[in-house]
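Note that ligands are numbered from 1 as they come in the structure, with each ligand's atoms numbered from 1 the same way.
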Amino acid sequence: MAKLEILEIPDPRLRTVAKPVEAFDDELQRLIEDMTETMYSADGIGLAATQVNVHKRLLILDVSEAQDTPRVYINPEILESEGTETCEEGCLSVPGIYAEVSRAERIRISAQNADGGFFEEDLDGMHAVCLQHEMDHLQGKLFVDYLSPLKQRMVTKKLEKQRKVAVQKTSKALL
Ligand code: GNR
Ligand code: NI
């Protein structure tokens with residue numbers, strides 16, 4: 001297994017639209033293992049292939065309390081959605097930023113598993129929020145895109161400041 005690098009905003013590769021997975025081969029199984037390791041070591045509850053610079057329609061998530069139930073969704077589609085729910089979201093590709101986003105409360109999805117088998121599932125709560133967040137990544141969309149222009153400017157400023165502090169810390173450590 002290998003830990004993969006997670007792309008961070010404003011990396012333009014995060015804006016890539018992913019293509020359907022066609023081959024359910026060893027390479028795909030390796031990618032799923034590596035993404036799972038990457039998600040757990042980053043303390044995330046989900047990870048889309050886009051975030052590790054693989055532009056295929058594949059995502060993993062683990063919304064379990066014990067972080068011991070990784071789930072794989074390949075070529076996911078939302079069949080039905082209802083209700084609206086607002087949840088504070090964060091993203092491994094937008095470090096240190098948290099903001100409220102409204103999404104469908106309940107969704108019915110279809111997807112394929114690691115062997116290519118089709119399944120359908122009804123999701124709600126954090127499971128539904130996270131799946132919609134990850135499916136957005138596969139379309140090159142980030143949760144901050146839903147914020148008002150004013151809030152987006154505040155996010156950009158905060159990210160620039162965080163980066164400056166990180167650079168200062170690195171140069172201090174070198175002195
Ligand atoms: O770890 C994550 N937590 C989270 C919290 C609220 C809503 C969505 C998420 S997903 C995020 C991991 C991530 O960036 N996945 O793309
Ligand atoms: Ni994310």
Quick one: closest heavy-atom pair of [X] and [Y], and the distance?
X      : Y      : answer
Cys130 : Val63  : CB-CG1, 4.1 Å
Gly90  : His133 : O-CE1, 3.3 Å
Pro76  : Ala111 : CA-CB, 4.0 Å

Polar contact flag, side-chain donor to acceptor under 3.5 angstrom, Ser93-Gln51: yes
For Met35, the rest of its hydrophobic cluster, which grows through side-chain links under 4.5 angstrom: Leu4, Ile6, Val21, Phe24, Leu28, Leu31, Ile32, Met39, Tyr40, Leu47, Val52, Val54, Leu58, Ile60, Val72, Ile74, Leu92
Would you tabulate the polar-atom pairs, meaning N/O of ligand 1 against N/O of the protein, with distances under 3.5 Å, reported to 0.1 Å?
residue: ligand 1; atom: 1 (O); partner: Ile45; partner atom: N; Å: 3.1
residue: ligand 1; atom: 14 (O); partner: Gln51; partner atom: NE2; Å: 3.3
residue: ligand 1; atom: 14 (O); partner: Leu92; partner atom: N; Å: 2.8
residue: ligand 1; atom: 15 (N); partner: Gly46; partner atom: O; Å: 3.2
residue: ligand 1; atom: 15 (N); partner: Glu134; partner atom: OE1; Å: 3.1
residue: ligand 1; atom: 15 (N); partner: Glu134; partner atom: OE2; Å: 2.7
residue: ligand 1; atom: 16 (O); partner: Gln51; partner atom: OE1; Å: 2.8
residue: ligand 1; atom: 16 (O); partner: Gln51; partner atom: NE2; Å: 3.3
residue: ligand 1; atom: 16 (O); partner: His133; partner atom: NE2; Å: 3.2
residue: ligand 1; atom: 16 (O); partner: Glu134; partner atom: OE1; Å: 2.6
residue: ligand 1; atom: 16 (O); partner: Glu134; partner atom: OE2; Å: 3.1
residue: ligand 1; atom: 16 (O); partner: His137; partner atom: NE2; Å: 2.8

side-chain hydrogen bond (donor to acceptor under 3.5 Å, both in side chains) partners for Glu120, two or more places apart: Arg108
Within the 6.0 Å centroid threshold, strictly below: Phe119 and Tyr73: yes
Metal environment of the Ni ion (ligand 2), protein N/O/S under 2.8 Å: Cys91 SG, His133 NE2, His137 NE2
Other residues, nucleotides, ligands: >12 heavy atoms within 6.0 Å of Glu65 CD: no
More than 12 heavy atoms from other groups under 6.0 Å of CD on Glu22: no
